Asker: 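My structure is below; once you've seen it, I'll send some questions.
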Amino acid sequence: MAEAPAEPPLIETLVLRLEGFEGPLDLLLELARGQKLDLARISILALVEQYLAVIEGARRVRLELAADWLVMAAWLAWLKSRLLLPAGTEEAEAGEEAAETLAARLAELQAMRAASAWLAARPQLGQEVFARAAPEDFSEIDRSRLRLDVPALLRAYLAALRRSGGQRRYRPKPMTLWSVQDALRRLGAMLGGLPDWRTLETFLPENLAEPLQRRAALSATLLAGLEMARGGAIDLRQETPFGPILLRPAVAGEEDA
Amino acid sequence: MNEDTPETPAPVSEAALRLAEAFVFASSEPVSLRALGQVLPEDCDAELVVAALAARYAGRGVELVEVAGGVRFQTAPDLAPLLRRVIEVPRRLPRVAMETLAIIAYHQPVTRPEIEEIRGASLSQATMDALLEASLIAPRGHKEAPGRPTLWGTTAAFLAQFGLKDLADLPRRADLLVEVPAPGGA
Amino acid sequence: MNEDTPETPAPVSEAALRLAEAFVFASSEPVSLRALGQVLPEDCDAELVVAALAARYAGRGVELVEVAGGVRFQTAPDLAPLLRRVIEVPRRLPRVAMETLAIIAYHQPVTRPEIEEIRGASLSQATMDALLEASLIAPRGHKEAPGRPTLWGTTAAFLAQFGLKDLADLPRRADLLVEVPAPGGA
């Protein structure tokens, strides 16, 4: 069936215009079409021989050939050696498989060529058919509305503050909460004049308007009281759980109250 | 020569009519009689073809109109308003205006010199005008200080535009400022 | 387009027809039925109006065609040879670009190495640029593979350029492989 292998004239012309092909696959497809059979029934072996003949011819004309032509030639030479092996061996099967892959690739390229030709044959906009070249636009742009959002507002605010930051650096407000140090000082100063049991609240500073300040002062004073009791300067007492905490200056000789 | 063909539709071949129709349609510029004559068959009077084409489109949604330099298709005047569509493209406030607005929002009521001090730059009347025109700020009386400068505050329109229920919806200053990288270090 | 509009004109009001005509005529891009429906009166079926309009323009120099998910007017294909003499025509896409476009159309989304694999040849930047510049292809994300190569697909402009309603208008691959039935071929 493949009794018409490489017609010499075809090969001759192919050698001369090798550069005109879009790579080895393109040449292979051209050769396959030369077999005048549908792609599913081409003889891969004949195809391989034709390709190798073309490459050989081209090398005789000029020595240098693009690497991909030679890589394909080497691969096809390998494929040829496999296809010539008796069927049934493992090598021959590998050859069959590779031949199928090559046939599938050629078929795919062929299909895409056909798709390209199909597209090219369609009346193309701007080539065969023309749309209205002077369209009319009825849309009106209304830019009266503002686009405002909070993140942009905040960014702007921070940018403004940063810019003036050189002159007016932001400082956090000093904390005005009563500290343990403050409470120790106040307890120490007050205890001398108050010999009897007094509740913890007695020792809080005046003018504590906010609940937070009040609670902070209370805990600071408790801590200060514990500290002074540990040092033996005062006595502490609590009658019931969560009951009022009482304190007084330590009384000499009365170790256990 | 049929120069004097009044109302009766000119005896123009359908082929010439089709060609003229396509040419005028596909041309980006008005088509002159001369240009039209170049594509029409030799024995065809461009003027007659145009008249016939105009007659065919008379009363339709698109009409053939004569303009400087030739003829072109154009939407029938009565339909144009029906096709008009307004596309809203909201614009952004300029940076300076946004900064000023932010300062007024956070420091209100605030005077113009105070804004300038916070921004560390002087404030143009144009910026204040832009904010006033957009109803984003409004005067809030006068400060009891020399010169009685006007105090400025934000408006209900400001809240609406930013999608805020009230001013308390804005992040507190303290929460914002924690993030300010202190220039020059603390 | 005209196959399903026999002789009987659809029962469409002249007013709706004029409006649709003006709307589609005014645009150089395909107009979707949805957009058309928004312009037409409520009780008007856009599809019927389009069919009636197409029937009215059948055989004229300008025709109504269905492309890229909409309808547009375009010149009749048989007038191309005459119109090409007077209308500036851009250069045709080279063969390589057409082939690449076909591969992208059939294999989308597809990476450049995959295209090169199918063609058996490397793809020049000029080819990609030509397709991108004509808006015929567009990136469609990245392939989850080493190097995350860009995936390519065709655009609405591709459909519009080749007069396709959608991608399903392309011939099936199986049909492509059947070459012109060889006379006497098995």
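Heavy-atom basis, side chains included; hydrogens, waters and symmetry copies ignored. If you're wondering where the values come from, they're calculated on a predicted model, not measured in any experiment.
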Asker: Give me the atom names and distance for the closest heavy-atom approach of B:A26 to A:F130.
Answerer: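 Residues B:A26 and A:F130, closest heavy atoms: CB-CB, 3.5 Å.
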Asker: Any idea which of A:D137, A:V129, A:V150 has the most non-hydrogen atom pairs under 4.5 angstrom with chain B?
Answerer: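 Top option by heavy-atom pairs under 4.5 Å: A:V150.
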Asker: Surrounding CD of B:Q108 (heavy atoms of other residues, nucleotides or ligands, distance under 6.0 Å), is the total greater than 12?
Answerer: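 Check passes, neighbour count above 12.
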Asker: Does atom CZ (A:R214) have a neighbourhood of more than 12 heavy atoms from anything else shown, all under 6.0 Å?
Answerer: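 Atom CZ in A:R214 is not packed in, count stays at 12 or less.
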Asker: Between B:R72 (side chain only) and A:A134 (backbone N and O only), is there a donor and an acceptor less than 3.5 Å apart?
Answerer: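 Checking the backbone N and O of A:A134 against the side chain of B:R72, no donor-acceptor pair under 3.5 Å is found.
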Asker: Hey, does B:V86 have a side-chain heavy atom less than 4.5 Å from the side chain of A:S139?
Answerer: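 They are not in side-chain contact.
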Asker: Say whether, by atom type as modelled, one donor and one acceptor occur between the side chain of A:E136 and the main chain of B:T75 under 3.5 angstrom.
Answerer: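 Confirmed, A:E136 side chain pairs with B:T75 backbone.
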Asker: Show your working on salt bridge (charged side-chain N to carboxylate O under 4.0 Å, His left out) between A:D142 and B:R85 and close with a plain yes or no.
Answerer: CA-CA 10 Å; A:D142 175 6; B:R85 253 170 321 163; over 6 Å; no
Asker: Do other residues, nucleotides or ligands put more than 12 heavy atoms under 6.0 Å from the CD atom of B:E47?
Answerer: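 Open: at most 12 neighbouring heavy atoms sit under 6.0 Å from CD of B:E47.
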Asker: I'd like to know which of B:Q74, B:E29, B:R95 tops the heavy-atom pair count under 4.5 Å against chain A.
Answerer: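 Ranked by heavy-atom pairs under 4.5 Å with chain A, first place is B:Q74.
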Asker: For chain A, find which of B:A102, B:A22, B:A105, B:S27 contributes the most heavy-atom pairs closer than 4.5 angstrom.
Answerer: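 Answer, by heavy-atom pair count under 4.5 Å with chain A: B:A102.
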Asker: Quick one: what part of A:L154 sits under 4.5 Å from any heavy atom of chain B, side chain, backbone, both or neither?
Answerer: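 For A:L154, side-chain heavy atoms alone lie under 4.5 Å from chain B.
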Asker: Check whether B:P30 gets within reach of chain A through its side chain, its backbone, both or neither, counting any heavy atom under 4.5 Å.
Answerer: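 Contact with chain A involves no heavy atom of B:P30 at all.
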Asker: Can you tell which of B:M98, B:R84, B:Q161, B:R91 has the highest number of heavy-atom pairs within less than 4.5 Å of chain A?
Answerer: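 Highest number of heavy-atom pairs under 4.5 Å: B:R91.
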Asker: With a 4.5 angstrom heavy-atom cut-off, could you sort out which part of A:A152 is near chain B: side chain, backbone, both or neither?
Answerer: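 Both backbone and side chain of A:A152 come within 4.5 Å of chain B.
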Asker: In terms of heavy-atom contacts, does CD of B:Q125 have more than 12 from other residues, nucleotides or ligands at under 6.0 Å?
Answerer: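 More than 12 within 6.0 Å, yes.
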Asker: Does the side chain of A:L158 reach to within under 4.5 Å of the side chain of B:E99, using non-hydrogen atoms?
Answerer: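 Of all side-chain heavy-atom pairs linking B:E99 with A:L158, none is under 4.5 Å.
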Asker: Side chains of A:L148 and B:L136, heavy atoms from C-beta outward: is any pair under 4.5 Å?
Answerer: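 Result yes, sub-4.5 Å side-chain heavy-atom pair found.
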Asker: Heavy-atom distance under 4.5 Å to chain A: side chain of B:F73, backbone, both or neither?
Answerer: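 Both parts, backbone and side chain.
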Asker: Compute the centroid of each ring, for A:Y157 and then for B:Y106, and state whether the two points are separated by less than 6.0 Å.
Answerer: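 When the ring centroids of A:Y157 and B:Y106 are compared, they turn out to be within the sub-6.0 Å range.
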Asker: Counting C-beta onward and ignoring hydrogens, is there a side-chain heavy-atom pair between A:L153 and B:L170 closer than 4.5 Å?
Answerer: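 In contact.
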Asker: Scan B:L83, B:L82, B:L79 and name whichever one has a side-chain contact (heavy atoms from CB on, under 4.5 Å) with A:F138.
Answerer: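 With A:F138 as partner, B:L83, B:L82, B:L79 yield a single side-chain contact (heavy atoms from CB on, under 4.5 Å), made by B:L83.
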Asker: Would you say B:P90 and A:L146 make side-chain contact, with heavy atoms under 4.5 Å?
Answerer: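 Of all side-chain heavy-atom pairs linking A:L146 with B:P90, none is under 4.5 Å.
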